[in-house]
Undergrad: 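Below you will find the structure I want to go over with you.
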Amino acid sequence: MDRLLHCPSAPPPIQGMRALALLAWGCLFLLLPAPLRGEEVLRVGLYENPPKIFTSPSGRPEGIFPDLIRAIAAQEGWTLKFVPGTWAQCLDRLGKGELDIMPDVSFSPERARLYSFPSEPVLSDWLQVYALPGSDIRSLPDLNGKRVALLAGSIQEDSLRTLAREFELSVTPVPFPSFDEAFRAVEEGRADAVLSNRFFGHHNRDRFRLEETGVIFRPSKLFFALSPLANPAIAEGLDRQLRLLKEDPQSAYYKSLGRWLSGEVQPGAPPWVEGGVYVLLGLLFLGIAFHVALHRRIGARTRELESANRALALSRDTWRSTFDAVQDALWVLDADAVVLSANAATQWVLGTDPRTVEGRPWSSVREEHLPTLDDGLLQAARTSGRRESTYLCREDRWFKATVDPIPGEGGTLRGFILSVGDITDLKRAEEEIEEKAQSISSINRKLQESVVELKNTLQQTIQILVNASELKDPYTAGHQRRVATLGHAIALEMGLTAEKARRVELAGLVHDIGKIEIPSEILVKPRRLSDIEYRLVQTHPAAAFRILKDVPAAWPLAEIVYQHHERLDGSGYPRNLRGDAILPEARILSVADTVEAMSTHRPYRAARGVEAALKTIEAEKGTSFDPLVVDACVRLFRQRGFSFREIDPPETVD
């Protein structure tokens, strides 16, 4: 041991300290994030899903996601390596850490447990069913008994199975490793329909001679998903760069969408639109204020010109001093249009000494120095009085010329005063205002298109729910239709807007959708329900709320339906709400629902008639029902001639 301690090869103290320092730096280097150690190569999954991501004939990764990840990598200093495979293979590699980034992944809680997701989505998407032209697939129930092709290992298969289970449909999913093979299977008759994201479907439906159906569901957000082993700095870089790209209308983000979607408007409006509108409006108002200020400035210059006219009667020295003080270029011409005098501002307008133009005919001065000015300006002023003309001069500057005749005695003409002022700032402000107005108009148009798209989606969703209700219980569907029509008429009778009346109608069409969870034998039971059965029926508003709460509506559709059995005095169900806690639309539906239910036949009792129903709501006006709603309903039947017979289709006789 002593020999080891005194070995001549042991490092001196200074060398030992250096070794320890190098060891410490090495440990610190290993603890640094990968991007800080220079390991900048990121492995990116590549599969075939055009136009979002695919391989071009030359072998280059193309599409929206490759465009964006390249733009982000250029800013973050990353080097990319695309690794091809099928969708399922890429997801498996991502989970094992063999890939760092997987493009075009829809978020779900299950996937969040397997992969890491940034906070900033790339695109919004939804699922849609495509079929051959002439197929009988128009709505969700038409998928019953059909074979539906889809992408293996995707979230679409789980979504389709869940939807089929909820609506009691027999649907056979047929998985394929790629969308191309899934679409080709429908074209060749090996499947009845195909389920696809809207980007691939819209881009490729014509290639496979398929058409869109009315079956649309599961809106989702698409992300760059990360390996659970990935450095958190990658997610931070993706979020940071995506936000910057979305805020810039000229960025690679919008150029890529325009390139691959042929100018298709992306759903929903981008987050910078609302703030941009306000900024543009602010700039517009600033431009208008600047415009007004310039006009006032011109007015002030005109008053200066009038002062110069009065100064002609003053002494030569005093007049000259005043004349040269005017900021606009001024020329005094005699009746023959010969320049008598020019002020000092002529120097910057003409670029020459004012004295060189004095004594010359105005026509020669104009031809030499102001060729773009209207040569008939003086002649027009001679016969018609004050004349103005705007023209473009040297160096892209705009000027405004004004000619004022100088009257003499007996209606004669003594001469002219010609002023030229620089209005370039005013013209540019006007052009900027026009450009901003056009931008605002374009943004408004896009917003309107988004609103229309949202309304269409809502109406399609409600129609799907109505179709599902008809399959479950045709009576309930007819009841909902009559309640919706009566509720719409009551809302209009109360003076509500057409938009609010439409909301009542749409809520009425699905207000009993929760009854699809009630066994059919209870709904059609030909005698009065037991207490247990009645309490089960009372769960249908809560069931309807669960079904409708995720429907994309800009107004509280689910909550209105949830409240349609509540009463003003708190005697309703399921939450015993009272007074102002009940939404106005729900108060209308409660009256329409009561009148329709009493007026029509029930399995356990005969119809009591409209008049009996009206007397019931009148008796409970102010306690159970809103007085304004009751009065409007009574007027409809007794004064306006409203009748349920106009709603129901005529009966046919075999």
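Heavy atoms only: backbone and side chains are in, while hydrogens, waters and symmetry mates are out. From a predicted model like this one, the values you see are computed outputs, not experimental measurements.
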Undergrad: Answer yes or no: is there a side-chain heavy-atom contact under 4.5 Å between Leu123 and Ile64?
TA: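 Leu123 reaches Ile64 side chain to side chain.
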
Undergrad: Surrounding CZ of Arg414 (heavy atoms of other residues, nucleotides or ligands, distance under 6.0 Å), is the total greater than 12?
TA: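 Atom CZ in Arg414 is not packed in, count stays at 12 or less.
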
Undergrad: Measuring from atom CG of Leu80 to atom CG of Leu42, what distance do you get when rounded to the nearest 0.5 angstrom?
TA: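 One finds 6.0 Å between CG of Leu80 and CG of Leu42.
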
Undergrad: Do any N or O atoms from the side chain of Arg360 and from the backbone of Val338 form a donor-acceptor pair under 3.5 angstrom?
TA: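 No; zero donor-acceptor contacts below 3.5 Å.
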
Undergrad: Please tell me whether Trp260 and Phe54 form a close aromatic pair, meaning their ring centres lie under 6.0 Å apart.
TA: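 Distance test on ring centres: under 6.0 Å, yes.
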
Undergrad: What I want to find out is whether Glu120 reaches Arg240 closely enough, with some N-O distance under 4.0 Å, to be called a salt bridge.
TA: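 Between Arg240 and Glu120 there is no salt bridge, as every charged N stays at least 4.0 Å from the carboxylate O atoms.
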
Undergrad: List in chain and number order the residues that pass side-chain contact (heavy atoms from CB on, under 4.5 Å) with Arg638, two or more places apart in sequence or in another chain; answer none if no residue qualifies.
TA: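 In terms of side-chain contact (heavy atoms from CB on, under 4.5 Å), with neighbours along the sequence ignored, Arg638 is linked to Glu611, Leu614, Lys615, Glu618, Val634.
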
Undergrad: Please determine whether a side-chain nitrogen of the Lys or Arg among Asp67 and Lys255 lies less than 4.0 Å from a carboxylate oxygen of the Asp or Glu.
TA: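 Between Lys255 and Asp67 there is no salt bridge, as every charged N stays at least 4.0 Å from the carboxylate O atoms.
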
Undergrad: Do the side-chain N and O atoms of Ser119 and Asp239 include a donor-acceptor pair separated by under 3.5 angstrom?
TA: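 Yes, Asp239 and Ser119 have a side-chain donor paired with an acceptor closer than 3.5 Å.
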
Undergrad: Using modelled atom types and a 3.5 Å cut-off, is there a donor and acceptor pairing between side-chain atoms of Arg205 and backbone atoms of Phe200?
TA: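 Flag not set: sc Arg205 to bb Phe200 has no pair under 3.5 Å.
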
Undergrad: Do you know which two heavy atoms are closest between Leu589 and Ala507, and how far apart they sit?
TA: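 Here Leu589 and Ala507 meet closest at CD1-CB, 3.8 Å.
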
Undergrad: Does Tyr130 reach the side chain of Glu211, with side-chain heavy atoms less than 4.5 Å apart?
TA: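 Side chain of Tyr130 against side chain of Glu211, heavy atoms only: no contact under 4.5 Å found.
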
Undergrad: Please identify each residue that fulfils ring pair (Phe, Tyr, Trp, His ring centres under 6.0 Å) with Phe223, with sequence neighbours left out.
TA: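 With neighbours one apart ignored, the set is Phe117.
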
Undergrad: Count the heavy atoms belonging to other residues, nucleotides or ligands that lie under 6.0 Å from CZ of Arg635, then report whether that count exceeds 12.
TA: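 Yes, the 6.0 Å shell around CZ holds more than 12 heavy atoms from other groups.
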
Undergrad: Checking Glu493 side chain against Cys633 main chain: does a donor-acceptor pair fall under 3.5 Å?
TA: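 No; judged by distance alone, with no hydrogens or angles, the pair does not exist.
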
Undergrad: Is there a side-chain contact between Leu127 and Ile216 (heavy atoms, below 4.5 Å)?
TA: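 No, their side chains stay 4.5 Å or more apart.
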
Undergrad: Which pair of heavy atoms, one from Ala252 and one from Leu245, lies closest together, and at what distance?
TA: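 Closest heavy-atom pair between Ala252 and Leu245: N-CD2, 4.1 Å.
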
Undergrad: Might you point out which heavy atoms bring Ala491 and Val504 nearest each other, and give the distance in Å?
TA: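 It is CB-CG2, 4.3 Å.
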
Undergrad: So, the side chain of Tyr253 versus the backbone of Leu244: is there a donor-acceptor pair under 3.5 Å, distance only?
TA: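 Answer holds: no.
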
Undergrad: Find the distance between CD1 (Ile406) and OG1 (Thr412) and round it off to the nearest 0.5 Å.
TA: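 Rounded to the nearest 0.5 Å, the CD1-OG1 separation comes out at 11.5 Å.
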
Undergrad: For Glu358 and Ala342, indicate whether the former's side chain and the latter's backbone hold a donor-acceptor pair under 3.5 Å.
TA: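 Present.
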
Undergrad: Please check this pair: side chain of Asp125 against backbone of Arg198, looking for a donor-acceptor N/O pair closer than 3.5 Å.
TA: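 Answer holds: yes.
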
Undergrad: Answer yes when Glu505 and Arg502 have at least one side-chain N-carboxylate O distance shorter than 4.0 Å, and no when they do not.
TA: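 Salt bridge between Glu505 and Arg502, a charged N being under 4.0 Å from a carboxylate O: yes.
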
Undergrad: Measure across Leu418 and Ala401 and return the closest heavy-atom pair with its distance rounded to 0.1 Å.
TA: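 Where Leu418 meets Ala401 most closely, the heavy atoms are CD1-CB, 4.4 Å.
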
Undergrad: Residues in ring pair (Phe, Tyr, Trp, His ring centres under 6.0 Å) with Phe637, at least two apart?
TA: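 In terms of ring pair (Phe, Tyr, Trp, His ring centres under 6.0 Å), with neighbours along the sequence ignored, Phe637 is linked to Phe642, Phe644.
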
Undergrad: Tell me whether Glu585 is salt-bridged to Lys500, with the criterion being a basic N under 4.0 Å from an acidic carboxylate O.
TA: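 No salt bridge links Glu585 with Lys500.
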
Undergrad: Do Ile53 and Pro66 have side chains that get closer than 4.5 Å, going by heavy atoms?
TA: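 Of all side-chain heavy-atom pairs linking Pro66 with Ile53, at least one is under 4.5 Å.
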
Undergrad: Ignoring hydrogens, what is the shortest heavy-atom contact between Arg70 and Phe82? Give both atom names and the distance.
TA: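 Shortest heavy-atom contact: NH2-CE1, 4.2 Å.
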
Undergrad: Looking only at non-hydrogen atoms, find the nearest pair between Leu548 and Val561 and report the distance.
TA: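 Looks like CD1-CG2, 3.7 Å.
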
Undergrad: How far does CD1 of Ile234 sit from CD1 of Ile72, to the nearest 0.5 angstrom?
TA: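 Output value for this atom pair is 12.0 Å.
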
Undergrad: Determine yes or no for a side-chain-to-main-chain donor-acceptor pair under 3.5 angstrom, with Ser56 supplying the side chain and Arg60 the backbone.
TA: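 Judged by distance alone, yes, a pair lies under 3.5 Å.
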
Undergrad: Assess whether a salt bridge exists between Arg243 and Asp248, defined as any Lys/Arg side-chain N lying under 4.0 Å from an Asp/Glu carboxylate O.
TA: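 Salt bridge flag = no for Asp248 with Arg243.
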
Undergrad: Do the non-hydrogen side-chain atoms of Val215 and Gln128 ever get within less than 4.5 Å of each other?
TA: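 In short, these two side chains do not touch, never coming nearer than 4.5 Å.
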
Undergrad: Flag the pair Glu62 and Arg259 as a salt bridge only when some basic side-chain nitrogen lies within less than 4.0 angstrom of an acidic carboxylate oxygen.
TA: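 Looking at Glu62 and Arg259, the cut-off is met.
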
